[in-house]
Amino acid sequence: MKAIVTVMPKAGVLDPQGKAIGHALGSLGFAGVADVRAGKVIELELAETDPAAAKAAAEDMARRLLANAVIESFRVVVEG
C-alpha cells in the first residue's frame with residue numbers, strides 16, 4: 001500500500017519559504033496569489049495490506065519522525 005503524508009506548517013507559524021515563493025510569483029506577474037504556505041509530501045510504500053493498519057502506521061511515523069508536532073501538522077492518505 002502507498003501512504004502519502006502531507007506535512008504543513010501550522011497556522012501562525014512563520015513560513016519563510018512560502019513568503020519567498022509568494023514574492024517570486026508576484027514578480028512573475030501572478031498578482032492574484034494572496035498567501036503561500038510551503039510544506040512537504042512524503043510517499044511511503046508499505047508492505048501492509050490492511051488500509052486501516054497502513055494509515056495507523058504512517059500516522060505513527062509522522063508523529064515520531066516526519067513532522068515536528070510543535071510547528072507542523074500532517075495528513076495521511078492511503079492508496080490501495
Side-chain angles (χ1 to χ4, degrees):
M1 306 217 80
K2 181 187 286 188
I4 300 171
V5 182
T6 304
V7 181
M8 294 294 295
K10 288 183 177 178
V13 172
L14 181 64
D15 183 6
Q17 184 179 13
K19 293 288 182 201
I21 293 168
H23 179 32
L25 289 171
S27 296
L28 292 172
F30 296 101
V33 179
D35 190 30
V36 177
R37 305 290 286 168
K40 56 190 171 190
V41 175
I42 302 154
E43 291 187 6
L44 304 167
E45 192 66 42
L46 304 174
E48 184 61 59
T49 57
D50 176 44
K55 184 171 183 173
E59 287 174 343
D60 192 33
M61 293 175 201
R63 271 191 293 281
R64 294 176 63 188
L65 176 68
L66 304 176
N68 179 341
V70 175
I71 61 170
E72 296 174 317
S73 60
F74 66 88
R75 178 177 43 119
V76 175
V77 175
V78 173
E79 298 178 350

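Keep in mind that the numbers below use all heavy atoms, side chains included, and drop hydrogens, waters and symmetry copies. Bear in mind that the values here come from a model prediction, so they are computed numbers and not experimental data.
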Mind listing the side-chain donor-acceptor pairs of residues 67-80 below 3.5 Å, one per line with the distance, residues two or more places apart or on another chain?
from, atom 1, to, atom 2, distance (Å)
N68, OD1, V70, N, 3.0
E72, OE1, N68, N, 2.7

Could you grab the distance from atom CG of L65 to atom CG of D60, nearest 0.5 Å is fine?
-> 10.5 Å

Nearest-0.5 Å distance that lies between atom CD1 in I4 and atom NZ in K55 = 12.0 Å

hydrophobic_cluster_shared for I42 and M1, side chain cutoff 4.5 Å | yes

Indicate yes or no: at least one non-hydrogen side-chain atom of M61 is less than 4.5 angstrom from one of V5.
-> no

Report all side-chain donor-acceptor pairs from residues 13-23 shorter than 3.5 Å, counting only partners two or more places apart or in another chain.
from, atom 1, to, atom 2, distance (Å)
D15, OD1, G18, N, 3.1
D15, OD2, A38, N, 2.7

If every non-hydrogen atom of E48 is compared with every non-hydrogen atom of A53, which pair is closest and at what distance?
-> CD-CB, 3.5 Å

